[in-house]
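Comments concern the structure below.
Chain identifiers are assigned alphabetically (A, B, ...) following the order of the sequence lines, protein sequences preceding nucleic acid strands; residue numbering begins at 1 within each chain.
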Amino acid sequence: MPELTIRDALREALREELLADPKVFLMGEDIGAYGGSYAVTKGFLEEFGPERIRDTPISELAIVGAGIGAAMAGLRPMVELMTINFSLLAIDQIINSASKIHYMSGGQIKVPLVIRMASGAGSQLGAQHSHSLEGWYAHVPGLKVVCPSNPYDAKGLLKTAFRDDNPVIFIEHTAIYSLKGEVPEGEYFVPFGEANILRPGADVTIVGYSGSVHQSMRAAALLAEQDEIEAEVIDMRTLRPLDIDTVIESVKKTGRAVVVEDDWRFGGFAGEIVSLIQEMAFDYLDAPIARVAGADVPMPYSRALEMAALPSEPQIAEAVRRMM
Amino acid sequence: MAISERALAGVSKEELSHLLHQMVLIRRFEEKAAEMYARGRIRGFLHLYIGQEAVAVGAISLLKPEDYIVSHYREHGHALARGVEADRVMAELFGKATGVSKGIGGSMHLFDASRRFMGGYAIVGGHLPLACGLAMGCQYEKDGSIVCCFLGDGSVNEGAFHESLNLAAVWRLPVLFICENNFYAMGTAMRKVSALAEIYKRAEAYGIRSEQVDGMDVMAVRRSVDEALKLLRRGEGPVFIEAITYRFRGHSMADPEFYRNKEEVEHWRSLDPITNFRAALLAKGIITEAEAEEIANRVEREVRQSVDFAEQSPDPPLESLYANVYAGPDAPVDGWRGRRGRQSDA
């Protein structure tokens with residue numbers, strides 16, 4: 001199977017969808033002439049033209065709102081926002097319109113809109129370019145929230161997002177765009193709401209998504225090597241719908257769980273997963289569930305401090321050791 | 001303000017009678033809604049359009065069925081002018097299953113996709129970018145359809161106003177923005193909070209063809225909209241109309257109206273768009289007293305029937321609470337848990 005980066009896998013998905021459906025079009029800041037700030041849409045303007053690859057003003061509210069309106073008119077738009085931090089300028093459109101129109105119209109109108117945005121830290125981009133706010137969107141009924149961690153999922157989930165009749169928030173972790181992995185040739189789809197067991201294990205369940213999956217896998221390797229602890233690592237893939245069943249089955253087997261996320265710990269999405277485990281598998285727990293999350297600080301620029309603010313494999317391994 | 005003979009020339013008697021009927025229908029419907037609100041049959045917020053009827057009727061009477069309408073939270077008049085059945089609008093205000101949005105939307109969220117009435121929205125200015133997107137749809141289809149987007153004067157100080165007008169202008173989107181300037185954003189006078197109170201000039205600043213029109217005169221609104229539609233259908237970009245109008249009632253039924261004096265309200269009431277239009281049609285011999293009476297009686301029956309319909313309609317079933325949170329056959333039952341919608345529980 002060919003190996004692709006996440007960036008290239010995403011580009012393949014977008015290209016296939018543009019070719020498959022004339023109602024698909026892309027718009028966003030610098031997606032055309034510039035090629036996309038993370039180079040995902042490179043070459044598209046030349047291939048598909050300015051009607052379908054639209055460079056927009058820096059005007060997040062308006063372009064997301066226009067994406068919603070275009071979706072209401074029967075088109076299949078994708079809006080790219082440079083980072084999740086900038087999506088806050090469009091949050092009214094996402095939460096007050098995109099997520100609610102189908103419901104408040106009594107089911108008359110669909111909003112098949114994909115909103116892609118980059119999230120996460122690790123590149124010393126400072127406090128206003130570095131946060132992981134996907135949990136905020138997962139809080140909202142009416143939205144679907146997708147957080148791929150590898151090239152295979154990135155392509156398959158993005159294609160599923162395009163075929164979905166709902167607004168989908170598609171979150172790409174900035175630190176892993178260049179990560180390579182196997183991507184089969186030809187069309188395939190990864191369904192929403194199906195977590196992926198990346199590594200089986202009997203002693204503890206480590207739950208992650210997006211970038212945190214990679215720290216979790218490294219921590220699991222560390223635990224196996226140094227402590228003879230076999231951790232089961234689950235990649236949630238989508239936060240909404242959330243495949244809690246897979247987590248519960250795993251916790252019933254292992255009796256222990258650590259939930260890892262890049263986002264701030266206080267009020268973060270990991271708390272939701274912990275709460276669901278507690279509600280649904282309390283009798284199976286041998287230890288309190290642990291969270292390993294980002295520090296509750298605006299992201300610092302300094303390399304040393306930024307690393308200290310993010311979850312790391314030693315932190316995850318230590319959390320596991322404490323509960324054994 | 002008298003309606004001139006010239007304004008009425010070239011419009012058929014049927015059309016003029018229809019305009020009168022639509023305005024009277026909106027007026028009586030809302031007077032009845034206010035009564036039902038006072039009796040506790042309608043709850044929540046109820047923002048009446050009384051006084052502004054000429055804007056909705058003047059503009060919407062010229063739209064084609066394939067044109068889209070997007071509106072704000074004071075949208076009963078726009079829905080009725082579009083031909084949405086009074087029964088289903090009243091049922092929506094009552095929160096009934098037979099309502100135009102199945103009782104889910106309420107007064108501020110009337111939708112009728114079959115008439116391309118794409119909704120009333122209650123975040124001030126938040127619907128303007130949606131209008132731009134719908135217009136992208138029109139542009140894509142290349143069928144000459146356009147979007148008519150109503151907005152209030154309160155929305156012009158929102159960022160959404162500026163971002164949307166800019167986007168509409170740079171992409172030459174076929175949107176007709178109709179700003180209903182009734183001088184008050186809730187209870188705050190526009191003059192006090194706007195660096196530039198002449199709203200059409202703000203649109204001009206984006207290079208958008210823009211004008212001010214007497215929003216108390218249905219024929220003046222029509223003339224302005226007619227010109228705008230010619231430009232829009234030729235693909236000549238967005239048009240902005242500032243209709244000067246006035247709401248005779250408070251912002252909502254909860255408004256004690258401390259912010260404006262009686263003389264001002266009385267002055268504007270003397271410019272009543274319905275009274276004056278009816279008087280003009282009678283004076284010019286276009287309709288007879290008996291015909292005017294017949295319109296009033298017909299409206300009376302329609303409105304009474306809409307209340308009966310709403311009263312007799314069932315509440316939405318409780319099972320519908322989770323319906324339509326998501327679209328699609330595999331929509332999750334409770335919105336968040338389980339694989340592809342399978343409901344799992346503790």
Side-chain angles (χ1 to χ4, degrees), chain A residues 23 25 27 51 54 56-57 59-75 77 89 92-93 96-97 99-112 138 141-142 144 164-166 191-195 239-246 248 276 279-282, chain B residues 68 70 92 99-106 109 111-114 118-119 121-123 126-141 147 159-160 162-164 166-167 170-171 173 316 320 323-328 330-332 335-342 344-346:
Chain A
K23 290 196 184 294
F25 74 96
M27 63 175 158
E51 282 295 301
R54 286 181 175 243
T56 66
S59 199
E60 287 82 5
L61 183 161
I63 61 179
V64 169
I68 298 166
M72 292 165 73
L75 302 180
L89 291 153
D92 165 62
Q93 291 299 318
N96 277 317
S97 291
S99 74
K100 295 178 181 170
I101 284 171
H102 187 64
Y103 191 74
M104 68 187 187
S105 69
Q108 292 179 72
I109 297 170
K110 291 175 184 157
V111 182
K144 295 190 177 181
D164 200 288
D165 278 339
N166 297 283
F192 292 168
E194 282 195 14
L239 302 189
R240 196 164 186 143
L242 184 74
D243 177 12
I244 198 65
D245 295 356
T246 294
I248 297 302
L276 288 170
E279 283 171 26
M280 298 165 78
F282 181 75
Chain B
Y68 290 104
V70 187
E92 190 61 35
V100 72
S101 306
K102 299 197 176 109
I104 303 294
H109 307 300
F111 284 82
D112 187 349
S114 71
M118 303 308 272
Y121 296 88
I123 304 294
H127 62 301
L128 271 64
L130 304 184
C132 293
L134 287 160
M136 291 174 73
C138 298
Q139 216 173 41
Y140 229 74
E141 298 299 335
V147 179
H162 300 277
E163 292 195 29
S164 301
N166 181 60
L167 202 68
V170 292
W171 286 348
L173 297 174
S320 73
N324 299 318
V325 174
Y326 290 94
D330 61 349
W336 53 275
R337 281 184 192 174
R339 288 181 185 153
R340 279 172 294 164
R342 198 181 74 215
S344 66
D345 219 324

Non-hydrogen atoms of chain B under 4.5 Å away: do they reach the side chain of Ser59(A), the backbone, both or neither? both

Scan Arg240(A), Lys144(A), His102(A) and name whichever one has a side-chain hydrogen bond (donor to acceptor under 3.5 Å, both in side chains) with Tyr326(B). Arg240(A)

For the side chain of Asn166(A) and the backbone of Ala327(B), is there at least one donor-acceptor N/O pair under 3.5 Å apart? yes

For the atom pair CE (Met136(B)) and CD (Glu51(A)), what is the distance rounded to the nearest 0.5 Å? 8.5 Å

Checking heavy atoms, do the side chain of Leu61(A), its backbone, both or neither come under 4.5 Å from chain B? both

Side chain to side chain, Pro129(B) and Val64(A), heavy atoms closer than 4.5 Å: no

Return the CE to CD1 distance between Met118(B) and Ile109(A), rounded to the nearest 0.5 Å. 4.0 Å

List for me each residue that meets ring-ring contact (aromatic ring centres under 6.0 Å, His included) alongside Phe111(B), sequence neighbours excluded, and say none if there are none. Tyr121(B)

Looking only at Gly126(B), Cys132(B), Cys138(B), Ser164(B), most heavy-atom pairs under 4.5 Å shared with chain A are made by Gly126(B)

For the interface with chain B, which of Val111(A), Asp92(A), Leu75(A), Leu89(A) has the highest count of heavy-atom pairs at distances below 4.5 Å? Leu75(A)

Once you round to the nearest 0.5 Å, how far does OG of Ser105(A) lie from CG of Asp112(B)? 10.5 Å

Between Ser97(A) and Leu130(B), which heavy-atom pair has the shortest distance, and what is it? OG-CD1, 4.1 Å

Minimum heavy-atom distance Lys102(B)-Gly106(A), with the two atoms named: NZ-O, 2.7 Å

Ring centres of Phe25(A) and Tyr140(B) under 6.0 Å apart? yes

Minimum heavy-atom separation for Leu167(B) and Ala62(A), please, with both atom names. CD2-O, 3.9 Å

Show every salt bridge (Lys or Arg N to Asp or Glu O under 4.0 Å) that has at least one partner inside residues 61-71 of chain A, sequence neighbours left out. none

Could you give the distance from CD1 (Ile101(A)) to NE2 (His127(B)), rounded to the nearest 0.5 Å? 11.5 Å

Compare all side-chain heavy atoms of Met72(A) with those of Tyr68(B) and state whether any distance is below 4.5 angstrom. no

Among the options Ala113(B), Gly105(B), Gly103(B), pick out the one with the most heavy-atom pairs lying under 4.5 Å from chain A. Ala113(B)

Output the option from Lys110(A), Met27(A), Gln93(A), Arg54(A) having the highest count of non-hydrogen pairs under 4.5 Å with chain B. Arg54(A)

Contacting region of Gln108(A) [heavy-atom separation from chain B under 4.5 Å]: both

In Å and rounded to the nearest 0.5 Å, what is the OG to OH distance from Ser320(B) to Tyr103(A)? 6.5 Å

Can you tell me which portion of Glu92(B) sits under 4.5 Å from chain A's heavy atoms? Options are side chain, backbone, both or neither. neither

Separation between NZ (Lys100(A)) and CD1 (Ile123(B)), nearest 0.5 Å, reads 6.0 Å

